[in-house]
2 protein chains.
Amino acid sequence: MTQPDVQRGRHQVPPTLATVADEAGVSRQTVSNALNNPDLLRPETLERVQSVIERLGYSPNRAARQLRTRSSHLIGLRFEPAQEGTSNALMDRFLHSLVETASRTGHHVLLFSGDPDNPLDGYDDLLRSTAVDAFVVTDTYAGTPQSVFLEERGAPFVAFGRPWDEPDADHAWIDVDGAHGARIATEHLLAEGHRRIAWLGWERSSRIGQDRRSGWQSAMHAAGEDVRGLGVRLTDNVDAARMRAHELLQDPSVTGFVCASDTLGIGVLHACADRGLRPGTDIGVVGFDDSLAAQVTWPGLTSVRQPLEQVAVELVRILHLVLAHKQIDTKGQMLQPALVVRRSSQRSG
Amino acid sequence: MTQPDVQRGRHQVPPTLATVADEAGVSRQTVSNALNNPDLLRPETLERVQSVIERLGYSPNRAARQLRTRSSHLIGLRFEPAQEGTSNALMDRFLHSLVETASRTGHHVLLFSGDPDNPLDGYDDLLRSTAVDAFVVTDTYAGTPQSVFLEERGAPFVAFGRPWDEPDADHAWIDVDGAHGARIATEHLLAEGHRRIAWLGWERSSRIGQDRRSGWQSAMHAAGEDVRGLGVRLTDNVDAARMRAHELLQDPSVTGFVCASDTLGIGVLHACADRGLRPGTDIGVVGFDDSLAAQVTWPGLTSVRQPLEQVAVELVRILHLVLAHKQIDTKGQMLQPALVVRRSSQRSG
DNA sequence: CCCGAACTCTGGATCGTTCCAATCCTAGTG
DNA sequence: CACTAGGATTGGAACGATCCAGAGTTCGGG
């Protein structure tokens, strides 16, 4: 590994294809082939060209390549602000996996922002200026106007999140099975001996919230438990959860809580502390998303963890199929979350 | 606001400058001027061209523009994985501010990744392929090989983080005054009546950790307090912090803790809980970075919050100066963090 | 009425790459 | 030995924008 023989200093001109061609005594096209179709060259020629490329430290100019091939190798992602006080660890972990995975095939992630009141803002511009090859659409929590828009425009994209309201949507998507997550959480508490297990979730308008809630409900039904009065809807806020947990805990038969978020789960832990109840031993609590907060809160909050790394890998895989106009094996794909068990739900701590 | 008159459907060809020129009955150059130097056109012509642009839904092809002007309007950022269990909320908040700020001047953020063992990985490639206009370098916690490398290459960049080990570095940087943060945290606890205030920080090799520690130290000295035996170095881990807090709390005169991170602060809260000490009332605790965990942990962890929005704004401002080869007003710029007071440090709760 | 300056607008060249069609070379065949 | 098939290589054109130099138009002043 020797350093490329580039000139040090300000404003150096990077070598071009023509430079390399001259230096190697071949035509521009041959250099291009050395990079894109190496098997077209005679082995000796290939090696000669490659050594010049190495020596000059040549990388093809992305703009020129993009102009000619109409492919930027960029994946657009609209980056929404994580609300303060909600678990943003999710996006962080997902984003890194995406960047990492995409880079393995020479793609980069382009972040853009848009007017929070207009979920379509930003997409159109990038599309018309052919700045990105494709989009990853992530914030499908409240309907999916972006997906509808992009589908209509014929733009390549994959959604992280199922098309809740458009059962006949025709685009590719990946999602995590929130109902399954809540189900295994509930089953875990049942296995720990809890019977009357409450649900703390979001308002009815949240599709993700409804999905998760259904998992709790089905697990309870399967166990022959009545859920009446046990399912509660509130905003994603520690103190709200704490209050509601207090109300529920007035009934001493209630000993388990499955929550739609870690924030809510932590609220329940606070209520336990207020009442001198020991989490794990007296009361079982499970949160959702496995945020930093779940990991550091005393005594450790059991939580449902989304397989974001896997989501990223699948997204990129599907994206390549879409870009190659290949048949997609399955329009939608559901991945399963896993339970990370901590002391808030273990009787035998 | 009417919808642009574009054809709906798959694989539509976006209009080009030439299309617009034909349609408006002017030359390509005139259309180009309408976009980039509108004041060169006669008002009527300008309006005519603009209406055609509007009607066709034209946006200049980024690749072509980038090729000609040698400017991609992309800012490169190497996106490091947040270690699991450490406060990654920081990056999330910062990144969003950066994307938002950059977009105001038509710039986008390009994320890339690289071999974790090689801090330079990824930069060179983007530089040689002229894929980005400039870089934002963020992870300057352990020396700044990237800055040295980029400076040597004459690449435009701004660092978030001061050049710890190179006092004569010549690049622009923005940083947050960690010493000041620790100082106001310590002063706050002193004002609450605490005298013997401990420091929980990282190992000596962490420059950021050392900087923050110095703020604690100077505030203590200014108050005439002896810090011997009160400054502790450990890894960024809840349980480690809890153990060390227990050791320190064996001395009943120790009633305050300033920590280099929220994770450590939460460890101290756990130790308090173990000993039946009431945070705020009996023991004052302050963390660092104002993560989600600080916000939701009982009883609310006072924390030092970095002005990341402001950091982003300044970074982008300086970046524009650098790109325009303008004189930079100040090589480095230090921003002040603020204390977010919660119940873990308030006696009058 | 002519001239030049200022204002508008135009057409060709160019950025660095890949596409395309043609040419050169080599070896195998009749 | 001519002829051809196929592999290896080449030069010109094109992608869609901006740069540059020059041409056409308008207008005021001598």
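Chain naming here is simple, since letters A, B, ... match the order of the sequence lines and numbering starts at 1 in each.
- Side-chain contact of B/His320 with B/Thr105: a donor-acceptor pair under 3.5 Å is present, judged by distance alone.
- Side-chain contact between A/Leu335 and A/Asp175 is absent, with no heavy-atom pair separated by less than 4.5 Å.
- Reading DNA chain C from its 5' end, the first and the last nucleotide to sit under 4.0 Å from a heavy atom of chain B are C/dT8 to C/dG16.
- Distance check, rounded to the nearest 0.5 Å: CG of B/Leu110 to CZ of A/Arg62 gives 7.5 Å.
- Taking CD1 of B/Ile318 as the start and CH2 of B/Trp173 as the end, the distance is 11.0 Å to the nearest 0.5 Å.
- Scanning residues 29-36 of chain B for heavy-atom distances under 4.0 Å to DNA chain D yields B/Gln29, B/Ser32, B/Asn36.
- Counting only N and O atoms by type, the side chains of B/Asn36 and B/Arg65 include a donor and acceptor under 3.5 Å apart.
- Partners of B/Asp125 by salt bridge (Lys or Arg N to Asp or Glu O under 4.0 Å), not counting sequence neighbours, listed by chain and number: B/Arg128.
- The footprint of chain A on DNA chain D, defined by a heavy-atom cutoff below 4.0 Å, extends from D/dA8 to D/dG16.
- At a non-hydrogen distance threshold of 4.0 Å, B/Arg65, B/Leu67, B/Arg68, B/Thr69 from residues 65-73 of chain B come into contact with DNA chain D.
- Nearest heavy-atom pair across B/Asp121 and B/Gly114 is OD2-CA, 3.5 Å.
- Residue whose closest nucleotide on DNA chain D sits further toward the 5' end, between A/Val26 and B/Ala64: A/Val26.
- The distance from the OG atom of A/Ser129 to the CD atom of B/Gln66 is 11.0 Å, given to the nearest 0.5 Å.
- Ring-plane geometry between B/His171 and B/Phe157 is classed as tilted, the angle between the planes lying from 30 to 60 degrees on a 0 to 90 degree scale.
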- Task: Applying ring pair (Phe, Tyr, Trp, His ring centres under 6.0 Å), run through B/Tyr123 and B/Phe149 and close with a yes or a no.
- Result: CA-CA 9 Å; B/Tyr123 287 97; B/Phe149 171 75; 7.1 Å; no
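- The aromatic rings of A/His107 and A/His73 lie parallel to each other, their planes meeting at an angle below 30°, with 60° marking the opposite boundary.
- At a threshold of 4.0 Å, the pair A/Arg153-A/Asp124 counts as salt-bridged, since one of the basic side-chain nitrogens sits closer than that to a carboxylate oxygen.
- The side-chain contact (heavy atoms from CB on, under 4.5 Å) test with A/Pro15 singles out one residue from A/Leu56, A/Asp22, A/Ile53, A/Asn61, and that residue is A/Leu56.
- Distance check: A/Asp39 CG to A/Leu46 CG gives 9.0 Å after rounding to the nearest 0.5 Å.
- Annotation for B/Ile174 and B/Glu314: closest pair CD1-CB, 3.7 Å, computed over non-hydrogen atoms.
- Remark on the helix from C/dC1-D/dG30 to C/dG30-D/dC1: inter-end axis angle 60°, axes from five-pair C1' superpositions, rounded to 10°.
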